[in-house]
Amino acid sequence: METVVSGIRSTGKLHLGNYYGALSNFVKMQNEYNCFFFIADLHSLTTHPTPHGLQGTVRQVIVEYLAAGIDPEKSTIYVQSDVPEVAELYLYMNMNAYLGELERATAFKDKVRSNPDNVNAGLLTYPVLMACDILIHHGTKVPVGKDQEQHLEMTRTFGNRFNRLYNVDYFKEAFAFSYSDKLVKVPGLAGQGKMGKSNGETDCIYLSDSETVIRKKVMRAVSDSGPTEMNQPKPEAIQNLFDLMKVVSTADTLQHFDELYNKCEIRYGDFKKQLAEDMVLATNDVRSRIDEISNDDAYIAKVAKMGAEKASESAHKTLKEVREIIGIKRFY
């Protein structure tokens, strides 16, 4: 059984983009693969070095993983910092990662441009830590978006370099993996790009948002004054709303409003009301499970402990073998 590894940074609540783009596929993967799903609290420190309520955000992701349907009996759900072997492997792999290749990483250059006052070493070596998250469990399938494919290529580089340096055939190559043939891209409400926490609260529909909050956010979503010509192309902000409807609504509903748009008869108020109601329905089950699980501290602690033990068992074996390959041995 091949191993799948994926993590979500603990920088806030999960939203519809996380759910339809990742979590719903994770639930299917766990029946066919050996899955490690972790909460990347160490990664979050690269951009949030002094986080407010870090444990609370980690807890929230655990709750939402469970609410989305990830089964801790089938998959390994764990907190990254609960497995210190990852940090030790990160140290060893950093010795074989070169400054030039790290500085050329597109994501690093983007972060430097967007936040020039926080260019830290952790940000530079982010791809090495990501590689270790995968290599520590000998992962071969990694669900990632386009923005992470370069990092995954670097993971293969670091693993293969280790094999060459120590003349072993130890680390396997990991490749991008999508369980579904159709990648779901969930746009945000702000009118541009995909849904993301970095664009602010109003851009996202969070899985934990109440029905009232969902309706308010959708009604305030960016739109325009409406089409002026029959069958005219939709501007990005309007296309985004239709793409959201494609995710949460029925095909008949989408077709109905598409025809109204093409005939210049659409009323955005009616359109948004329908979209909001369909979002409420689409998130009802997950939201109710979030509320239920959030109130069960004992269960959350049990899941975190069980995940840490399962992940540590895998990581400890890898680290023991890596130390032997490198030649790090105790005298006692």
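Model, not experiment: these values are computed from the prediction. Throughout, numbering of the chain's residues begins at 1 and tracks the sequence.
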Expected output: side-chain [X] to main-chain [Y] donor-acceptor under 3.5 Å:
| X | Y | result |
| --- | --- | --- |
| Thr318 | Ile136 | yes |
| Gln80 | Val86 | no |
| Thr57 | Ser10 | yes |
| Arg161 | Met93 | no |
| Lys310 | Pro72 | yes |
| Asp82 | Lys305 | no |
| Arg267 | Leu260 | no |
| His137 | Gly139 | no |
| Asn163 | Tyr170 | yes |
| Asn118 | Thr46 | yes |

Query raised in the report: Atom CG in Leu207, atom CG in Leu23: separation rounded to 0.5 Å?
Result: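 Rounded to the nearest 0.5 Å, the CG-CG separation comes to 7.0 Å.
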Membership question, hydrophobic clusters at under 4.5 Å side-chain separation (ILVMFWY): are [Y] and [X] in the same one?
| X | Y | value |
| --- | --- | --- |
| Leu102 | Leu129 | yes |
| Leu244 | Tyr268 | yes |
| Val213 | Leu275 | no |
| Ile293 | Val61 | yes |
| Ile266 | Met230 | no |

Side-chain H-bond candidate by donor/acceptor type, [X] with [Y], under 3.5 Å:
| X | Y | value |
| --- | --- | --- |
| His138 | Thr3 | no |
| Gln274 | Asp270 | no |
| Asp41 | Ser81 | yes |

Query raised in the report: Which of these, Asp203, Asp209, Thr202, sits in a side chain to side chain donor-acceptor pair (under 3.5 Å) with Lys217?
Result: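 Only one of Asp203, Asp209, Thr202 forms a side chain to side chain donor-acceptor pair (under 3.5 Å) with Lys217, namely Asp209.
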Are any of the side-chain nitrogens in [X] or [Y] under 4.0 Å away from the carboxylate oxygens of its partner?
| X | Y | result |
| --- | --- | --- |
| Glu2 | Lys172 | no |
| Asp258 | Lys234 | yes |
| Lys109 | Glu103 | no |
| Glu277 | Lys273 | no |

Atom [atom1] of [X] with >12 non-hydrogen neighbours under 6.0 angstrom:
| X | atom1 | value |
| --- | --- | --- |
| Lys111 | NZ | no |
| Asn31 | CG | yes |
| Gln192 | CD | no |
| Glu236 | CD | yes |

Please give me the minimum heavy-atom distance between [X] and [Y], naming the atom from each residue.
| X | Y | value |
| --- | --- | --- |
| Phe158 | Ala131 | CD1-CB, 3.8 Å |
| Ala311 | Phe36 | CA-CE2, 4.1 Å |
| Glu149 | Ala176 | OE2-CB, 4.3 Å |
| Phe162 | Ile325 | CZ-CG2, 3.8 Å |
| Val79 | Val58 | CG2-CG1, 3.7 Å |
| Ala190 | Val222 | O-CG2, 3.2 Å |

Query - Glu313 and Lys317: CA distance, side-chain angles, deciding distance, salt bridge (charged side-chain N to carboxylate O under 4.0 Å, His left out) verdict - result: CA-CA 6 Å; Glu313 183 179 351; Lys317 181 178 183 297; over 6 Å; no
Query raised in the report: Looking at side-chain heavy atoms only, is the closest gap between Cys204 and Leu16 below 4.5 Å?
Result: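 Cys204 vs Leu16: side chains apart.
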Requested in this report: Classify the angle between the aromatic ring planes of Phe242 and Tyr261 as parallel (below 30°), tilted (30 to 60°) or perpendicular (above 60°).
Outcome: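 Perpendicular, since the angle between the ring planes exceeds 60°.
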Report task. Can you run down the ring pair (Phe, Tyr, Trp, His ring centres under 6.0 Å) pairs that involve residues 79-120, sequence neighbours left out, and say none if there aren't any? Result ->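 Every candidate ring pair (Phe, Tyr, Trp, His ring centres under 6.0 Å) pair involving residues 79-120 fails, so no pair, neighbours aside, qualifies.
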**Report entry** Pairwise ring pair (Phe, Tyr, Trp, His ring centres under 6.0 Å) hits with a residue in residues 195-237, at least two apart
**Finding:**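 The answer is none; no pair qualifies.
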Query raised in the report: Pick one: which of Phe37, Tyr19, Phe38 meets ring pair (Phe, Tyr, Trp, His ring centres under 6.0 Å) with Phe26?
Result: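 The residue from Phe37, Tyr19, Phe38 that satisfies ring pair (Phe, Tyr, Trp, His ring centres under 6.0 Å) with Phe26 turns out to be Phe37.
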Query - Set of residues satisfying ring pair (Phe, Tyr, Trp, His ring centres under 6.0 Å) with respect to Phe257, sequence neighbours excluded - result: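 Partners of Phe257 under the ring pair (Phe, Tyr, Trp, His ring centres under 6.0 Å) test: Phe271.
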